[in-house]
Amino acid sequence: MAKVKSKWVCTECGYETAGYLGKCPECGTWGSLVEEMQYSEKLHNAVANEFINTEKPALLKDIKVDESVRVSTNISEFDRILGGGFVQGSLVLLAGDPGIGKSTITLQTCGELCKNGKKVLYISAEESATQLKLRAERLGINSDSLYIYPQTNMENIKSQIEEISPDFVVVDSIQAIYSNNVPSSAGSVSQIRECCNILMHIAKSKNITTIVIGHVTKDGNIAGPKVLEHMVDTVIYFEGDKYKSYRMLRSMKNRFGNTSEVGIFEMNSNGLRCVTNPNELFLNERSQVAAPGSAIIVTNEGTRPLMVEIQALVGMTSYPTPRRVTNGVDISRLHQILAVLEKRVGLNLSKQDVYVNVMGGIEVDEPSADLGIALAVATCARDVVVDSQTVIIGEIGLSGEIHPVNNIERRLNEAVASGFKKAIIPYANDVPSDIRKIEVVKVKRLMDAIAACISK
């Protein structure tokens, strides 16, 4: 009997070694190597030869692009992050936390594609056909061109794709699919890599758009090797607070469009609904009674300006070392802003706890939010109120200066549309002459901004 060989594979980068290592020498991650069975070179070559085709190189000028290369999903927010719709023959990876709504948005998309006359094959590796039927009824989906195939074996899936010849294929999820060519359990690094490689060859050779749903780890990363994200054409994260009604689709990689776009949805009993005016959604959560430590900022998500509320709470600490807690803001960014407040403004926070929260549960990582965070902290510490009709935009330097931000015209227009009367912006930013419905106050330093924002 032949001896079974094994190898150790890094779950982060796919590095392979014959023995166990505590630290991956390729990516430097600790404890990421897992043992897997190693299949023979003969079997590997047999799998590789299966996808050999006879296509020849073509000149760039001779390649014709069909005008219908993109297919709209009829879901405006989904089309936004895809760059106008699905590109035919592309491989899209959709990942998110459990229960966030990945299967729901995918099934809704399948229903809309079928309305456009497309044939869709939905491969369910985690749910039965009855379970999917119940969800489809709840979402109001009833189509004659939507095929449901509960299956986990890659070879069976491949044969059904060849038999049905669909326009779109959905795999839910890639971590539950296994191939007979790899002698390891489903979800392992080798299985995920092999199955995704087969799906990629099918998508490119047969011009079938493929949507792959992926799990995430406890750290928020996509489960499996990092090479999975490199193989696909588009990577989309579905995020949001599952205890609230809205969700956000964020494009992290897109070979056919902008990588910084965000789509916003609201979850209800009939599925996910597009939020065409997200500012109304976020500002509705704002308290009608002005309180110290609250400031409204205008942050950019892709090409879309979003108005969100920053809240800060400053109080005497009961610990030897004061606490710094953030929700939706990078903690290191807060430390830098607090250092500037102490050094340049003279606000002593060394014996006070500081809590900063972004209302709505979204993540704000743009530098233009610095001034709003600083003013929220400063006004709470001094127990004064920021004018509720004022929006704040600006990046803070270490010497207390306010740096200019991009897309200032789009941000100000959004503030005007939302009914705000005053905007505090960096001095170096030029204000378009046609913006007259809002008072614009330009500031050079943080101290000037604090003086300008306080209600009289």
Side-chain angles (χ1 to χ4, degrees), residues 2-45 47-48 91-98 100 102 125 154 171 173-200 212-239 250-255 259-260 321 323-336 363 365:
K3 183 179 180 181
V4 178
K5 295 183 179 180
S6 65
K7 61 182 177 180
W8 293 83
V9 183
C10 177
T11 57
E12 295 294 326
C13 65
Y15 176 81
E16 298 180 2
T17 180
Y20 175 76
L21 297 174
K23 180 181 179 181
C24 175
E26 185 72 22
C27 63
T29 306
W30 287 91
S32 61
L33 271 71
V34 295
E35 187 178 14
E36 293 187 0
M37 305 306 296
Q38 187 172 7
Y39 53 93
S40 65
E41 188 70 21
K42 181 178 179 181
L43 179 58
H44 177 78
N45 293 334
V47 175
L91 186 60
V92 179
L93 175 62
L94 174 63
D97 293 331
I100 205 70
K102 301 185 296 297
M154 191 66 236
V171 178
S173 64
I174 188 64
Q175 278 79 15
I177 303 295
Y178 72 93
S179 172
N180 294 331
N181 300 324
V182 181
S184 60
S185 60
S188 64
V189 175
S190 299
Q191 282 286 6
I192 293 175
R193 183 169 49 196
E194 180 69 18
C195 293
C196 187
N197 187 50
I198 295 174
L199 291 172
M200 181 184 67
V212 176
I213 296 178
H215 296 168
V216 296
T217 64
K218 62 181 181 180
D219 297 324
N221 300 318
I222 298 177
K226 200 69 176 178
V227 70
L228 175 63
E229 299 177 47
H230 292 285
M231 293 172 66
V232 301
D233 298 309
T234 305
V235 179
I236 300 172
Y237 277 84
F238 207 10
E239 58 188 36
R250 189 182 301 271
S251 176
M252 307 302 293
K253 172 189 175 182
N254 192 351
R255 289 173 177 163
T259 58
S260 58
T321 302
R323 301 190 67 192
R324 307 288 188 247
V325 181
T326 61
N327 183 21
V329 178
D330 185 17
I331 186 66
S332 62
R333 198 75 183 175
L334 175 62
H335 287 157
Q336 178 177 312
E363 298 287 335
D365 54 6

Non-neighbouring partners of Lys253 that pass side chain to side chain contact (heavy atoms under 4.5 Å, CB included), sequence neighbours left out: Val235, Arg255
By side chain to side chain contact (heavy atoms under 4.5 Å, CB included) - contacts of Asn327 (at least two apart): Asn357
Side-chain donor/acceptor of Thr29 to backbone N/O of Ser32, under 3.5 Å: no
Minimum-distance pair of heavy atoms, taken over all atoms of Ser179 and Cys195: N-SG, 3.9 Å
Lys23 side, atom NZ; Trp30 side, atom CH2 - distance, nearest 0.5 Å: 6.0 Å
Atom pairs and distances, donor-acceptor, side-chain atoms in residues 182-189, under 3.5 Å, two or more places apart:
residue	atom	partner	partner atom	Å
Ser184	OG	Ser188	OG	2.9
Ser188	OG	Ser185	O	3.0
Ser188	OG	Gln191	N	3.4

Glu239 side, atom CD; Glu363 side, atom CD - distance, nearest 0.5 Å: 7.0 Å
With sequence neighbours excluded, residues passing side chain to side chain contact (heavy atoms under 4.5 Å, CB included) with Thr17: Trp8, Tyr15, Leu21, Leu33
Salt bridge (Lys or Arg N to Asp or Glu O under 4.0 Å): pairs with one or both residues in residues 179-193, sequence neighbours excluded: Glu16-Arg193
CE (Met200) with more than 12 external heavy atoms under 6.0 Å: yes
Gap separating the NE2 atom of His215 from the CD1 atom of Ile222, nearest 0.5 angstrom: 11.5 Å
Approximate separation, where rounding is to 0.5 Å, of Leu199 CG and Leu93 CG: 11.0 Å
Any side-chain heavy-atom pair of Cys196 and Val212 under 4.5 Å: no
Reported CG-to-CG distance for the pair Asn181 and Asn197, which is rounded to 0.5 angstrom: 10.5 Å
Heavy-atom closest contact (Thr234 atom, Ile236 atom, distance): CG2-CG1, 3.8 Å
Any donor-acceptor pair under 3.5 Å from Lys7 side chain to Ala18 backbone: no
Ile174 and Ile213, any side-chain heavy atoms less than 4.5 Å apart: no
Value rounded to 0.5 Å, distance of CD in Glu194 from CD1 in Ile177: 13.5 Å
Pairwise side-chain contact, Asp97 with Val216, heavy-atom cut-off 4.5 Å (strictly under): yes
Contacts of Ala176 that satisfy side chain to side chain contact (heavy atoms under 4.5 Å, CB included) - sequence neighbours left out: Ala125, Glu126, Ser173
